[in-house]
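Following: one structure in structure tokens, then a few remarks.
Whatever order the structure lists ligands and atoms in, that order sets their numbers, starting from 1.
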Amino acid sequence: MKLESDGRLFIGGEWEAASSGETFESINPATEEVIGSVASGDEADVDRAVKSARSAFEGKWSAFPPAKRAALLQKLAGAILKNRDAFAAIEVADQGKVMFEASKIDVPMAADAFNYYAGWATKLGGSTIPNAPGMLNYVQNEPFGVVGQIIPWNFPLLMAAWKLAPALAAGNTVVLKPAEQTPLSAIKLGQLIEEVGFPPGVVNIVTGFGPTAGAELVAHPDVDRLSFTGSTEVGKGIMRTAADSLTPVTLELGGKSPNIVFADANLDAASRGAITGIFYNKGEACTAGSRLFVEDSIADEFIAMVLDRARKSKPGDPTDMGTKIGPLVSAAQRDRVEGYVKLGQEEGANLALGGKRAEVGDGRGYFYEPTVLTVVSNTMRVAQEEIFGPVLSIIRFKEVEEVVLEANQNPYGLAAGVWTNDLGKAHRTAAALNAGTVWINTYGLYSAAVPFGGTKASGFGRELGEQGVRAYTRSKSVWVSLG
Ligand code: NAP
Ligand code: MG
């Protein structure tokens, strides 16, 4: 797994050690082996990276016509696909996600984001606004300048792509801080960014820890815009710091998404959707359908179907293309999941499946059994708080009004699922749910073209789609007296 650039930061087009000389280790969560040495960037490194981004923004990058930016983004998309196997191997080893998801979903979707936003680079034109005679007004969309981006560990390459692609398409330069647990794919991406010919300093990658590298990036006075994906607590702190410099922020935070199954749904499809909704990426997904609401009249039958499918989702070697569930990202994350399952039982939930560490291979790795809690009520902490692991809480309901109320009675508002064959009920329920995304008779679909983001404690601002690239521009109105 050793990458040539292990232990180095990508700043101003150079691969260099952190100024402190400090490094930390990246661990394979399936084997507990060290797979990489990573530079621990701090204040001095962030400062150098921001200065490089500033000089690239004012220099070479601003001289790049949009069509040339588009061509580079497309080239990068192609390079990602060419390196699909290498990226997939890194994501599996560094994150613990399974090979099928890494190679068939994460890597191609990362390439999609660069291809999609390549199209936008040439389409960010402004407008002219009719005005008084003798007066011309035009509005143009400009990049902010230097953008600071911080990403989490659950979809390392994909989150890097969702952040970088729109910011670059709009003409910004970037300093990106990957998560400490999963920095290796961002380093590999940096190598490709260099290879395909982005000018030095357009993208800078500073690996390191949140409270040092991350916090310095947020507080840096010369960063013009911030975008963060991660936990709600850290997001709040970022917004507080950004308030001091009035730097605009986009926050993509946690979730506790309701997945609602009505009695008239296609139960086979819904049970499949319930399983992928919670166990995709081992439940380490902000959109995980972690609260499964099931209509009372079909609950016994439906829960049996869900348990049946869950039993077949055995954790295994994530490098094996047939494995559906890999190890959790870290020992800390496994401990957190364990703690929540214990708490749920103390709160009175019934442990219907799982609830323990899984033995895979020689017994190493942070594997955890797919876990299903039944007899959960929406007010329990396991139904209110984000667990971020393979733990499904099943809640029964009787009426549409009741389930909509309970689905919305949660701090988060990221996503929701609705399963029914009644078209009117499907759309009425979707309209009543407080969430940034609603899936009807499906779950967990994304496209680079479709806006994504949350409400309430899930944050604000949208990534992807047109909104995702507009977020990286600001308008300038120019008034011209025609004399
Ligand atoms: P996290 O602790 O908030 O970390 C996210 C990123 O922020 C990491 O790069 C982290 O660095 C950095 N960070 C930590 N403290 C910081 C600080 N004081 N200042 C600046 N940066 C700081 O979250 P996580 O544990 O990595 O990820 C799990 C959480 O992210 C879950 O709550 C999940 O729902 C949420 N998430 C949301 C979305 C979404 O789109 N809404 C997507 C994915 C994940 P370190 O790695 O060094 O801690
Ligand atoms: Mg790792």
Side-chain angles (χ1 to χ4, degrees), residues 22 24-27 38-43 46 94-95 97 106 148-163 175-186 205-220 223 226-242 247 249-257 280-290 328-330 332-337 340 385-389 410-415 435-437 444 446 451-464 468:
E22 296 286 318
F24 61 96
E25 292 171 338
S26 201
I27 307 288
V38 185
S40 180
D42 64 15
E43 186 178 359
V46 168
D94 209 15
Q95 208 285 332
K97 64 177 61 220
D106 290 46
Q149 302 182 322
I150 298 175
I151 54 174
W153 44 255
N154 55 347
F155 295 91
L157 175 66
L158 189 58
M159 290 300 113
W162 284 13
K163 293 263 183 265
V175 178
L176 175 76
K177 193 207 88 68
E180 73 190 65
Q181 296 88 346
T182 57
L184 300 185
S185 55
I205 299 170
V206 179
T207 49
F209 296 99
T212 47
E216 291 300 338
L217 182 56
V218 173
H220 198 289
V223 170
L226 289 162
S227 181
F228 169 79
T229 298
S231 62
T232 298
E233 269 327 292
V234 172
K236 284 180 185 173
I238 286 176
M239 194 170 166
R240 276 186 209 108
T241 304
T247 306
V249 292
T250 294
L251 300 175
E252 300 283 1
L253 309 174
K256 190 76 187 180
S257 300
Y280 190 79
N281 205 43
K282 331 142 232 174
E284 291 170 347
C286 47
T287 51
S290 47
L328 299 185
V329 72
S330 61
Q333 191 61 18
R334 186 200 43 205
D335 294 349
R336 174 186 161 92
V337 169
Y340 267 110
E385 298 175 17
E386 184 176 52
I387 298 175
F388 224 55
N410 187 274
Y412 297 104
L414 192 56
T437 296
Y446 309 86
F452 174 76
T455 67
K456 301 191 287 180
S458 296
F460 54 81
R462 293 291 176 266
E463 295 194 288
L464 306 182

Show the atoms of ligand 1 that are less than 4.0 angstrom away from any heavy atom in Gly214.
19 (N), 20 (C), 21 (N)
Close approach, Gly453 and ligand 1, non-hydrogen under 4.0 angstrom
no
So which heavy atom in the protein is nearest atom 41 (N) of ligand 1, and how far is it from that ligand atom?
Leu253 O, 2.4 Å
Smallest separation among heavy atoms of Phe24 and Glu180, with atom names
CE1-O, 3.3 Å
For ligand 1, is any non-hydrogen atom under 4.0 Å from Ile151's backbone (N, CA, C, O), its side chain (CB onward), both, or neither?
backbone
Do Gln95 and Glu284 have side-chain atoms, one donor and one acceptor, less than 3.5 Å apart?
yes
Any donor-acceptor pair under 3.5 Å from Asn281 side chain to Asn154 backbone
yes
Heavy-atom count check: over 12 atoms from other residues, nucleotides or ligands less than 6.0 Å from Glu385 CD?
yes
Test side chain to side chain contact (heavy atoms under 4.5 Å, CB included), reference Ile150, set Val218, Leu176, Thr229, Val234, output is Val218
Report the nearest protein non-hydrogen atom to atom 47 (O) of ligand 1: residue, atom name, distance rounded to 0.1 Å.
Glu180 OE1, 2.4 Å
For ligand 1, note which part of Glu386 has a heavy atom under 4.0 Å away: side chain, backbone, both or neither.
side chain
How far is atom 44 (C) of ligand 1 from the closest protein heavy atom, and which atom is that?
Asn154 ND2, 3.3 Å
What residue and atom, counting heavy atoms only, is the protein's closest point to atom 39 (C) of ligand 1, and at what distance?
Cys286 SG, 3.1 Å
Say whether Thr232, considering both its backbone and side-chain N or O atoms, lies within less than 3.5 Å of an N or O atom on ligand 1.
no
Going by the order shown, which atoms of ligand 1 are within less than 4.0 Å of some heavy atom of Gln181?
46 (O)
Taking only non-hydrogen atoms of Phe228, do any sit less than 4.0 angstrom from ligand 1?
yes
Ligand 1 versus Thr229, non-hydrogen atoms closer than 4.0 Å: side chain, backbone, both, neither?
both
Nearest non-hydrogen protein atom to atom 22 (C) of ligand 1, with distance, is Gly210 CA, 3.4 Å
Would you call the rings of Phe452 and Tyr446 parallel, tilted or perpendicular if under 30° counts as parallel and over 60° as perpendicular?
perpendicular
Measure from atom 13 (N) of ligand 1 to the protein's non-hydrogen atoms and state whether any distance is below 4.0 Å.
yes
Contacting atoms of ligand 1, where contact means under 4.0 angstrom from a heavy atom of Ala215
19 (N), 20 (C)
Taking 4.0 angstrom as the limit and counting only heavy atoms of Pro152, give me the atoms of ligand 1 inside it, by number and element.
26 (O), 27 (O), 43 (C), 44 (C)
For the side chain of Ser458 and the backbone of Gly254, is there at least one donor-acceptor N/O pair under 3.5 Å apart?
yes
Would you find a donor on one side and an acceptor on the other, under 3.5 Å apart, between the side chain of Arg334 and the backbone of Val329?
no
Could you tell me the residue and atom name of the protein heavy atom closest to atom 1 (P) of ligand 1, and the distance to it rounded to 0.1 Å?
Ser231 OG, 3.6 Å
Side chain Thr455, main chain Gly413, donor-acceptor under 3.5 Å:
yes
Using modelled atom types and a 3.5 Å cut-off, is there a donor and acceptor pairing between side-chain atoms of Thr212 and backbone atoms of Asp42?
no
What part of Pro178, side chain, backbone, both or neither, has a heavy atom within less than 4.0 angstrom of ligand 1?
backbone
Polar side-chain atom of Lys177 near backbone of Gly41 as donor-acceptor pair, under 3.5 Å:
no
Under 4.0 Å from a heavy atom of Phe452: which atoms of ligand 1 are those, numbered in the order shown and with their elements?
40 (O)
Give me the nearest non-hydrogen protein atom to atom 11 (O) of ligand 1 as residue plus atom name, then the distance to 0.1 Å.
Lys177 NZ, 3.1 Å
Hey, does the side chain of Thr232 reach the backbone of Ala457 with a donor-acceptor pair shorter than 3.5 angstrom?
yes
Could you identify the single nearest non-hydrogen protein atom to atom 28 (C) of ligand 1 and state the distance to 0.1 Å?
Phe388 CE2, 3.4 Å
Has the side chain of Gln149 got a donor or acceptor atom that lies under 3.5 Å from a matching backbone atom of Lys163?
yes
